[in-house]
Amino acid sequence: MSGFSEDMPFFDEPNARPAAAPSGIAARAMAARSGQNSAHDYLKGLNPEQRLAVETTEGPVLVLAGAGTGKTRVLTTRIAHILATGRAFPSQILAVTFTNKAAREMKQRIGHLIGEGNVEGMPWLGTFHSIGVKLLRRHAELAGLKSDFTILDTDDVVRLIKQLIQAEGLDDKRWPAKTFAQMLDNWKNKGLGPDEIPEGDARSFGNGKGRQLYKAYQERLQTLNSCDFGDLLYHPIRIFRAYPDVLKEYHRKFKYILVDEYQDTNTAQYMWLRLLAQRPNVRAASAEGRKPDRASAGQAAPAEASERSERAAVSENKVNICCVGDDDQSIYGWRGAEVDNILRFDKDFPGATIIRLERNYRSTAHILGAASHLIAHNEGRFGKTLFTDRDDPEDDKVHVHASWDSEEEARAIGDAIEAYQRQKHNLNDMAILVRASFQMRAFEDRFITLGLSYRVIGGPRFYERLEIRDALAFFRVVANGGDDLAFERIVNVPKRGLGEATIRQIHDTARAMRVPMLEAAATLAESDELKPKPRAALREVAANFERWQKALETTPHTELAETILEESGYTDMWKNDRSADSPGRLENLKELIRSMEEYESLRSFLEHVALVMEAEQGESLDAVSIMTLHSAKGLEFETVFLPGWEEGLFPHQRALDEGGRSGLEEERRLAYVGLTRAKKNLHIWFVSNRLIHGLWQSTIPSRFLDELPETHVDVADGGNSYGGYGNPYGGGAFASGRGGGRQNPYGASRFDNIGAKDQGSFSNTYATPGWQRAQANRTEATDRNWGTRSGHQVERIGYGETDSGYGAGRTSVKGRTIEGELVAKSVADTPSAFNVGDRVFHQKFGNGNIAAIDGNKLTIDFDKAGQKRVLDGFVAPV
DNA sequence: TTGGAGAACCTTTTT
DNA sequence: GGTTCTCCAA
């Protein structure tokens with residue numbers, strides 16, 4: 001990697017004329033004799049497929065790259081190759097990634113190649129959204145915006161929609177703004193404007209006012225000079241369509257397009273790419289340009305004039321698009337990603353070269369075997385077979401462990417990490433990958449007690465913290481006086497006695513005068529329409545912003561930011577606040593100012609925040625990483641822990657409810673992503689009890705455990721204090737899970753074993769009457785439900801409804817689906833055996849007295865643990 | 001207008 | 001269990 005830069009003499013002359021870059025025939029000729037390029041160091045060490053992917057620079061290419069097959073390396077090497085062979089200048093390359101992390105990594109690697117700070121010489125590299133911003137800033141006026149528009153985050157969007165819903169006279173309880181925000185996002189992800197959304201969608205919200213609201217929303221965004229995330233894709237698409245000459249400009253500019261994680265592109269991103277990549281044949285191009293209807297496409301006229309030149313260009317302008325992806329790692333379907341995009345690539349780009357990378361360099365044969373076997377349960381895939389030459393008998397199998405509950409799970413994983421640490425493993429090489437972020441806390445708690453350093457990636461977002469959002473709102477108003485949403489957020493922060501009534505008045509004045517709220521406030525402050533108190537307060541606010549806005553031109557932005565927080569009284573507000581978290585908040589504010597230093601201006605900083613919503617973390621410290629499976633994609637670790645493999649959590653209940661079969665398959669791909677993150681050691685955990693919505697609920701091991709191949713898996717035989725509960729499968733249960741219809745994972749043998757096997761010191765407590773009853777109910781209930789599955793029947797249990805198809809062992813009660821409610825139901829069918837005042841024992845909390853009974857839910861005053869609500873199946877009379 | 005108390009909601013994943 | 005929302009008293 002390090003030797004690259006020497007191969008690239010042209011970087012010494014970044015201003016050389018583009019004509020020097022060969023294109024068309026010359027390029028093809030060069031490609032044809034690419035064999036000679038072996039002189040380039042960077043091609044060494046590539047396997048034949050990788051090399052093909054790097055060297056097939058002309059025409060459309062799809063690289064199907066399985067996990068750990070060197071995908072990123074191929075992409076960066078490909079860029080290096082294009083540059084080194086003089087096929088294009090950096091600025092003629094467009095490289096799109098899906099996450100900021102990936103963009104950062106690629107930028108780093110390429111930065112190495114072409115020298116840091118060579119901004120002019122960098123390719124257009126970034127996420128779809130960040131490139132969308134770049135495009136939109138250039139052509140903002142074509143979307144009815146000014147180029148200094150603000151990007152709203154989800155929170156702003158929801159507040160804005162709420163206002164609109166209320167303005168329509170709709171009940172914002174019945175029609176939650178959040179729901180509509182999601183609908184909007186879906187539409188935009190499909191590239192649909194207000195007039196293009198399906199009638200059914202339009203009618204389904206707000207008494208049929210869906211379309212109307214969408215329109216009102218877009219208008220409002222325009223007056224606010226703002227756009228939302230979806231617009232960053234949606235506006236460029238519309239501009240490209242309505243203004244062919246703009247599109248042509250980019251056709252000329254970008255010679256090579258590279259796309260990472262192609263399987264995760266949604267429809268809008270796909271349209272965007274196609275517009276950029278697919279130079280239509282001349283006839284199609286001019287036809288599109290002539291279409292009269294496309295918005296106010298007044299500037300389409302030059303289309304005809306340039307037709308001839310385009311015809312000439314077309315023969316040279318081949319579509320040099322290269323998409324890299326793995327259909328087995330498509331995990332963003334819930335966000336509108338279309339796996340289809342990758343599956344039909346060769347139809348979209350005829351004559352595409354498809355290259356498969358199947359040689360895995362990352363994981364042991366056991367890990368690979370487990371992952372491949374699991375993912376084979378999915379249908380509708382390209383089908384790749386990952387292989388490795390690695391065959392080391394010393395390699396560990398994949399370990400499956402059981403714990404009693406999430407606390408025990410955290411403790412066990414903590415112990416395991418410390419054990420690895422004693423064997424001289426770095427914490428940096430270990431990661432815990434969870435399905436849902438709430439799982440993280442148990443680990444954080446435990447690690448704090450242990451004094452084990454950890455880092456949470458993508459956890460509670462830095463920029464989403466209250467104090468940060470407040471501070472940013474101040475900055476936003478200074479940067480863009482038209483940002484009403486930000487203004488509203490902080491006009492009364494710190495408290496100035498500007499309540500709802502005053503804000504409403506500012507709002508109305510702004511509407512009437514057709515000016516931003518800040519301006520309206522300034523006017524109002526000078527009028528006599530307000531009472532003296534709010535008037536004085538408002539006058540101060542307006543004067544402050546006026547002063548700061550002036551200072552924006554002259555003062556360095558970090559200094560200004562500090563001044564703003566001081567003069568507004570915001571820092572004082574927290575200094576006077578005596579709650580426990582105020583020092584932390586002040587610290588965060590300092591951190592915020594510090595992080596601004598890296599940016600040129602307040603505006604560029606704000607843009608970064610809006611797009612990234614993530615503070616860079618110091619990588620220097622040795623720490624265990626904790627993150628969600630989603631954010632782990634693209635990473636690798638020597639040792640990986642995968643906790644929480646239980647039905648309802650993983651696969652997640654909602655994915656099953658909303659996605660049905662495809663939802664399950666996506667969850668399985670997520671599991672696959674998790675498994676393939678590990679290089680050497682892989683530990684999967686599941687627990688029997690989990691605290692969900694404040695209730696302890698019993699859980700069933702994930703079906704994915706059943707889908708792991710026995711030969712590569714080692715089920716830990718309960719090395720922990722809860723002994724016999726360790727092996728969920730009893731004897732040979734792995735075999736029972738596969739082939740033909742699924743069976744009850746709780747084979748009868750399992751419960752027969754209880755008591756027979758050595759249960760460790762807890763066996764006695766398990767044998768209490770309450771425990772036995774709970775087990776009996778559980779076995780019966782699960783058997784009943786599982787039994788129905790083979791016949792594809794749905795059976796009603798109690799008053800809950802079982803979900804159809806794939807949902808198993810779960811019952812939805814009162815509209816809500818609660819894991820483990822099944823147990824409760826059966827117990828509740830028989831009158832509760834408990835009375836208020838009874839003394840009971842709970843496995844986790846010890847002895848206590850029942851304070852209240854609500855159906856099957858008991859409120860118990862525990863001697864040690866205090867008052868808790870638990871299901872009656874989990875306590876036994878003393 | 002503010003702040004406290006209680007109710008209601010929630011919990012998948014992210015640009 | 002935790003957070004946000006709503007209502008009500010000062």
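Below, read A as the first sequence line, B as the second, and so on, with proteins coming before strands; counting in each chain starts at 1.
- When each of B/dT15, C/dG1, B/dT13 is scored by its nearest atom to the side-chain atoms of A/His129, the top-ranked nucleotide is B/dT15.
- Within 4.0 Å (heavy atoms only), A/Ser130 reaches no atom of the nucleic acid at all.
- Looking at which nucleotide of DNA chain B each of A/Arg496 and A/Ala655 is closest to, the 5′-most match is held by A/Arg496.
- Under 4.0 angstrom from either OP1 or OP2 of B/dT15 there lies no side-chain N or O belonging to A/Asn266.
- If A/Leu670 and A/Leu498 are placed on DNA chain B by their nearest nucleotide, the residue sitting closer to the 5' end is A/Leu498.
- Within the nucleic acid shown, A/Tyr332 comes within 4.0 Å of sugar-phosphate atoms alone, with no base atom in reach, counting heavy atoms only.
- For A/Gln439 and B/dT13, the CD to P distance is 9 Å, given to the nearest whole Å.
- The listed nucleotides are B/dT14, B/dT1, B/dG3; the one nearest the side chain of A/Lys495 is B/dG3.
- Across all strands, A/Asp185 comes closer than 4.0 Å to no nucleic acid atom at all (heavy-atom distances).
- Taking the six-membered ring for Trp and thresholds of 30 and 60 degrees, A/Phe180 and A/Phe205 have ring planes inclined between 30 and 60 degrees apart.
- In this structure, A/Arg441 does not pair ionically with A/Glu444, as no charged nitrogen and carboxylate oxygen lie closer than 4.0 Å.
- If you take CD of A/Gln697 and P of B/dC10, they are 16 Å apart, rounded to a whole angstrom.
- Rounded to whole Å, atom P of B/dT13 lies 10 Å from atom CG of A/Leu649.
- Between A/Thr502 and B/dT1, a side-chain N or O to OP1/OP2 separation shorter than 4.0 Å is present.
- Between the P atom of B/dT14 and the CG atom of A/Leu184 lies a distance of 21 Å, rounded to the nearest Å.
- At a threshold of 4.0 angstrom between heavy atoms, the contacts of A/Ala501 are confined to the sugar-phosphate backbone, with no base atom among them.
- Across all strands shown, A/Arg441 has heavy atoms under 4.0 Å from sugar-phosphate atoms exclusively, and none from any base.
- Close to B/dT14, at under 4.0 Å from its OP1 or OP2, lies no side-chain N or O of A/Thr154.
- For the pair A/Asp260 CG and B/dT15 C1', the computed distance is 15 Å after rounding to whole Å.
- By the 30° and 60° cut-offs, the orientation of the rings of A/Trp574 relative to A/Tyr570 is perpendicular.
- If you check every strand for non-hydrogen atoms under 4.0 Å, A/Lys178 touches sugar and phosphate atoms only.
- Across the protein-nucleic acid pair, A/Asn189 atom CG and B/dT15 atom C1' stand 9 Å apart, rounded to whole Å.
- A straight line from CZ of A/Phe128 to P of B/dT14 spans 18 Å, rounded to a whole angstrom.
- Ring pair A/Phe98/A/Tyr332: centre-to-centre distance below 6.0 Å.
- With centres under 5.5 Å and a plane angle under 30° as the test, the ring of A/Phe98 is not stacked against the base of B/dT15.
- Atoms CZ and CD1, on A/Phe686 and A/Ile700 in that order, are 11.5 Å from each other to the nearest 0.5 Å.
- In this structure, CZ on A/Phe229 lies 6.5 Å from OG1 on A/Thr154, to the nearest 0.5 angstrom.
- The nearest whole Å value for the distance from the CZ atom in A/Arg654 to the C1' atom in B/dC10 is 10 Å.
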